[in-house]
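In listed order, ligands and their atoms are each counted from 1. When a residue number appears, it is its place in the shown sequence, counting from 1.
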Amino acid sequence: MLEAKDVTVAYQRKIVLADVSLSVEPGLVTALSGPSGCGKSTLARVLALMLRPRSGQVSVDGVTVRGWRQRADRRLRTSVALIYQSPRQAVDPRLTLTEVIAEPLAANGRPDPERVRALARETGLTDDLLTRRSHEVSEGQLQRACLARALSLEPRYLICDEMTTMLDASTQALLVGVVDAYRRRTGAGVLAISHDTVLLDRWADRVIDFAGPGVPAAPAAAGSTPDA
Ligand SMILES: Nc1ncnc2c1ncn2[C@@H]1O[C@H](COP(=O)(O)OP(=O)(O)OP(=O)(O)O)[C@@H](O)[C@H]1O
């Protein structure tokens, strides 16, 4: 289980999450929805060990997180992958799509060109696209590369933060299909963040409707203590 417990986050003095608890179970799709600005992406970054909360705890499969960002334990950090809404902001524009996908494997001392090719195939990227840089491909093609990159280290948990919001219906279906096939094959847990209630109703095992800022930010769907 990927778990945030009583997490509080503030940017400067403004508290955007207050005592929030949320769990992502292995093998299931947990969905998080809620109004713009209520802190969904902030919680995603906390769960991906990229943002240290002011207080509260995060644990990955029972192991409490003690360090964040580069100081996070490598095994814990690579257990959780995050895919953003805007792939252009998430990739180094100097890299080809092959290099984008290969990045985490290389950074972890495990370069594996065959796996990179397999991930490209899985996400529907053809060879002619793989040698291009981000400005030479469409948003959807770049998001496929970001998904391939996110899956490269076989994370136990995958956080899709508005992964398909900017994309057409067929690319959305492809990406959701790839994530779902991965979840079924590996038993990974998925946290899907989206405003698209139709998608979430279809895809998620559990939908958590997030309270807005100023309101005690406890997910509402399952009551005030959703993980109790
Ligand atoms: N780096 C930052 N510095 C200061 N404030 C921030 C920062 N990032 C986010 N915020 C603020 O924190 C609040 C929560 O933002 P967040 O992006 O987590 O919300 P969200 O629910 O994901 O919104 P959306 O649905 O629009 O993506 C917002 O008021 C936002 O303006």
Side-chain angles (χ1 to χ4, degrees), residues 2-24 29-60 65 67-72 77 80-92 139-140 142-143 146-147 150 155 157-169 171-172 175-176 179 189-204 206-227:
L2 172 62
E3 203 166 13
K5 218 164 170 198
D6 301 329
V7 159
T8 295
V9 176
Y11 293 113
Q12 289 85 43
R13 288 220 193 115
K14 188 180 162 215
I15 290 184
V16 296
L17 294 175
D19 291 329
V20 171
S21 297
L22 175 104
S23 60
V24 182
V29 178
T30 301
L32 185 56
S33 69
S36 180
C38 72
K40 303 181 297 296
S41 297
T42 299
L43 184 59
R45 291 173 59 221
V46 169
L47 287 167
L49 318 193
M50 295 170 64
L51 179 66
R52 181 181 206 122
R54 177 182 280 192
S55 61
Q57 280 195 336
V58 173
S59 61
V60 184
V65 173
W68 305 82
R69 302 181 70 89
Q70 297 89 338
R71 294 209 180 129
R77 185 159 31 102
V80 187
L82 175 60
I83 307 168
Y84 301 90
Q85 174 175 348
S86 173
R88 294 211 190 275
Q89 285 166 28
V91 302
D92 180 340
E139 199 86 355
L142 194 56
Q143 193 65 307
C146 287
L147 175 56
Y157 300 94
L158 194 60
I159 303 175
C160 305
D161 187 0
E162 305 276 3
M163 173 180 74
T164 60
T165 301
M166 311 292 279
L167 308 175
D168 62 75
T171 307
Q172 178 187 88
L175 292 175
V176 169
V179 170
V190 173
L191 179 65
I193 299 175
S194 179
H195 294 281
D196 184 344
T197 49
V198 175
L199 170 70
L200 295 185
D201 285 345
R202 205 177 56 225
W203 192 23
R206 182 170 74 125
V207 179
I208 294 168
D209 198 359
F210 222 47
V215 182
S224 59
T225 50
D227 299 320

Check whether any side-chain N or O of Thr165 sits under 3.5 Å from a backbone N or O of Gln85 as a donor-acceptor pair, and report yes or no.
no
So, does Arg69 use its side chain to make a donor-acceptor pair with the main chain of Met50 at under 3.5 Å?
yes
Proximal ligand 1 atoms for [X], defined as those under 4.0 Å from one of its heavy atoms:
{"X": "Lys14", "answer": "29 (O)"}
{"X": "Thr42", "answer": "14 (C), 15 (O), 16 (P), 18 (O)"}
{"X": "His195", "answer": "25 (O)"}
{"X": "Cys38", "answer": "19 (O), 21 (O)"}

In a check of side-chain contact (heavy atoms from CB on, under 4.5 Å) between Val190 and each of Val29, Ile159, Val24, which one passes?
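Testing Val190 for a side-chain contact (heavy atoms from CB on, under 4.5 Å) against Val29, Ile159, Val24 leaves exactly one candidate, Val29.
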In terms of its nearest heavy atom to atom 28 (C) of ligand 1, the top option of Gly37, Gly39, Ser36 is Gly37
Working to the nearest 0.5 Å, report the span between CG of Leu158 and CG of Leu82.
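Result: 8.5 Å between the selected atoms.
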Ligand 1 contact on Val16 by region, counting heavy-atom pairs under 4.0 Å:
side chain
When you check the side-chain N and O atoms of Thr42 and Tyr11, is any donor under 3.5 Å from an acceptor?
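Indeed, the side chains of Thr42 and Tyr11 share at least one donor-acceptor pair under 3.5 Å.
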